[in-house]
Amino acid sequence: MSDNQSALPTETPIVIPDVAPAIRFQDFGLAPEILKALNDQGYVHPTPIQAEAIPVVLKGMDVMGAAQTGTGKTAGFSLPIIQLLMAHANSSASPARHPVRALILTPTRELADQVAANVKAYSRHTPLRSLVVFGGMDMTPQTAALRGGVEIVIATPGRLLDHVQQKTINLSQTQILVMDEADRMLDMGFLPDLQRIINLLPKQRQNLMFSATFSPEIKKLAATFLKDPVTIEVARSNATAENVTQIIYKVEEEAKRDAVSFIIRERGLKQVIVFSNTKIGASRLARQLESEGVKASAIHGDKSQSERMQALEQFKNGTIEVLVATDVAARGLDIAELPCVINFDLPYNAEDYVHRIGRTGRAGASGDAISLFSDKDARLLVDIEKMIKHKFVPAELIGFTPSSGRTAERSHDRRAHERSPRKDESAPRPSRAPERSPGAASNGSRSAYAAAPRKEKIDPFFTRPYEPAPSTMVSDNKLADQVPAKPQKHKMAALLGGAPKR
DNA sequence: AAAAAAC
């Protein structure tokens, strides 16, 4: 801050504001073509991770970045990469060879597609060509594009290796490697593939690794593949978005589909992702919602790639109101300003809870994360509470009557609850960030929700919005210590050269 | 436990 102030000409007769003047993209020395693309999109100021990452990447250094989704991570590495490739345009390689110069790896196809769209947008005024490469799609067009020459490839590991085997891709001149969502790639067992891919790259190269968390496995991966990396950490890891109101409803397992349907109707939700732990569960729920006239689609790994892409596209353009997804959609997907996310199942991985609810309340907007909780999920809930360091009070879903023949045995529970002395009809909804940032798209569904004459069946037991309590620093460590360490992956240890346990 | 990812 003081640097900026002292940099001002002394004779400037203006009052220096308390806050340092915000950094602008122009300040990084990016090429005019890149600035023009940013300007096209109306981007002026970098996010914190962009402000940190761009200069470091421009210097050619390796990066270990911890960043949640929604932090602008993609631009944080794409912009400087484009700049670096432009700067060294014709220096190497005969045009005939068309070597790939930057490789970006992601765990899921949808994420690859999205990153590719960003790269395309940022490089549109440059001569650089980019291509997304993933499975489930015909290889022929990819092969043709590769033959024509591309400088930047965004890929999922499997299909990339497929191309390698077919000798349709040349990675011998790849100077920059990005591993996006590296922790997820490890979870998914991509380590051997990563190893194989890295072996194809030149020893001299720049490595950027991004991960939502700094687990021991990730640190080990970083130690193995990165060279004197600069660590960039934005936003405390394992923290949930502060402007997300988290609510947990206790519902019988068999009534969960009806409960989701109830919540969607009750709240008048027009834009919601529902996460299911299973593909079959996702399909069933989507089918039920459709049969009830809700515009819903499922997205998961058993769907064809074209179905997956269509579902996502239709959800983004509003044709579909409810996207029922497995964790294929838990991370990274940039779907603007979801007012609400529903966990049909609590995730098996506590970490995924954070990722799932990260689909809402992004970029300064507020959101609701509603989770259904049945008795069998008690342990999952405890895991989640440990991770986010927040205790939930599961609420009854007031006014909800499961349809079909399975209501009888539960009716008395419900009555008991409705009798309970709560006339806090006027109780305010859980507080949320009062205003959204200027320029944030106005949210049709939320206003519809607000306008709907909700019969104040508002859950009186709403859980407090998660707030990093002032005492966090103290209790954090205690809690962290109680969290059992994740079992080391033997495969991982073996591949990284460590002694496999047992 | 389940999901994801190449054919």
Side-chain angles (χ1 to χ4, degrees), chain A residues 69 103-115 132-143 146 153-169 171 179-197 200 211-212 217 253 256 273-286 298-305 307-309 311-312 323-333 343-356 359 374-384 484 486-487 489 491-492:
Chain A
T69 52
L103 174 63
I104 302 170
L105 297 173
T106 73
T108 66
R109 298 167 180 177
E110 278 76 11
L111 197 52
D113 208 28
Q114 178 182 295
V115 170
V132 64
V133 160
F134 54 71
M137 310 267 286
D138 190 356
M139 272 187 98
T140 321
Q142 295 175 2
T143 304
L146 286 167
V153 163
I154 304 94
T156 49
R159 178 55 71 90
L160 183 77
L161 285 169
D162 207 347
H163 278 289
V164 167
Q165 214 155 25
Q166 316 260 338
K167 303 205 190 306
T168 46
I169 198 165
L171 297 176
M179 289 171 272
D180 198 10
E181 305 272 1
D183 47 349
R184 186 87 195 280
M185 289 205 271
L186 289 188
D187 287 349
M188 287 169 58
F190 275 144
L191 184 60
D193 285 352
L194 289 180
Q195 187 88 66
R196 258 175 243 133
I197 291 165
L200 300 164
S211 169
E217 288 90 348
E253 185 64 31
K256 288 202 315 193
I273 293 187
V274 183
F275 284 105
S276 161
N277 280 1
T278 62
K279 294 180 275 197
I280 190 88
S283 281
R284 281 191 190 133
L285 176 57
I299 181 169
H300 57 66
D302 277 354
K303 295 267 184 186
S304 73
Q305 194 54 36
E307 285 174 310
R308 283 165 62 163
M309 288 162 74
L312 198 58
L323 187 68
V324 189
T326 57
D327 279 326
V328 68
R331 295 195 191 191
L333 293 194
N343 284 316
F344 176 73
D345 301 305
L346 288 180
Y348 288 124
N349 270 327
E351 211 174 88
D352 281 329
Y353 176 80
V354 179
H355 292 294
R356 289 179 179 187
R359 314 285 94 236
S374 75
D375 288 326
K376 72 165 179 50
D377 295 333
R379 241 202 47 194
L380 302 180
L381 185 60
V382 171
D383 286 351
I384 291 166
K486 263 194 195 162
K489 295 221 169 93
K491 226 190 332 179
M492 165 98 185

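None of the values given here were measured: they were computed from a predicted structure. We name chains A, B, ... by the order of the sequence lines, and we start the count at 1 in each one.
- Going from atom CZ of A:Phe275 over to atom P of B:dA2 covers 19 Å, rounded to whole Å.
- Look at CG on A:Asp377: it is 13 Å from C1' on B:dA2, rounded to the nearest Å.
- Each of B:dA5, B:dA6, B:dA3 was ranked by its minimum atom distance to the side chain of A:Thr326; first place goes to B:dA3.
- Using a 4.0 Å heavy-atom distance criterion, A:Asn277 is classed as a sugar-phosphate-only contact.
- Summarising the geometry of A:Ala212 relative to A:Asp183, their closest heavy-atom pair is N-OD2, 3.2 Å, with the distance given to 0.1 Å.
- Among B:dA5, B:dA2, B:dA4, the nucleotide with an atom closest to any side-chain atom of A:Lys279 is B:dA4.
- Side-chain atoms of A:Asp162 lie closest to B:dA6 of the nucleotides B:dA6, B:dA1, B:dA5.
- Distances shorter than 4.0 Å separate none of the side-chain N or O atoms of A:Arg184 from OP1 or OP2 on B:dA3.
- For A:Arg379, whose side chain is taken as the heavy atoms from C-beta onward, the closest listed nucleotide among B:dA6, B:dA1, B:dA5 is B:dA1.
- Listed nucleotides B:dA6, B:dA1, B:dA5 differ in distance to A:Leu380; the shortest reach to its side chain belongs to B:dA1.
- Between B:dA5, B:dA2, B:dA6, one nucleotide has an atom nearer to the side chain of A:Asn349 than all others, and that is B:dA2.
- The shortest distance between side-chain heavy atoms of A:Asp345 and A:Phe275 does not fall below 4.5 Å.
- Checking the phosphate oxygens (OP1, OP2) of B:dA3, no side-chain nitrogen or oxygen of A:Arg356 falls inside 4.0 Å.
- One finds no salt bridge joining A:Asp187 and A:Arg184 here, because no Lys/Arg side-chain nitrogen approaches an Asp/Glu carboxylate oxygen to under 4.0 Å.
- Between the C1' atom of B:dA4 and the CZ atom of A:Phe190 lies a distance of 6 Å, rounded to the nearest Å.
- Regarding A:Met185, its CE atom lies at a distance of 16 Å from the C1' atom of B:dA3, rounded to whole Å.
- As a whole-Å value, the separation of A:Asp302 CG from B:dA5 C1' is 12 Å.
- Contact between A:Phe134 and A:Ala112 at its shortest, heavy atoms only, is CD2-CB, 4.1 Å.
- Atoms CD (A:Gln305) and P (B:dA5) sit 7 Å apart, rounded to a whole Å.
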Legend entry - Worked verdict on A:Arg356 versus A:Asp327 for side-chain contact (heavy atoms from CB on, under 4.5 Å): CA-CA 8 Å; A:Arg356 289 179 179 187; A:Asp327 279 326; 2.8 Å; yes
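- Taking atom CG of residue A:Leu160 and atom P of nucleotide B:dA4, one finds them 21 Å apart after rounding to whole Å.
- Rounded to whole Å, the distance from NZ on A:Lys303 to P on B:dA3 is 14 Å.
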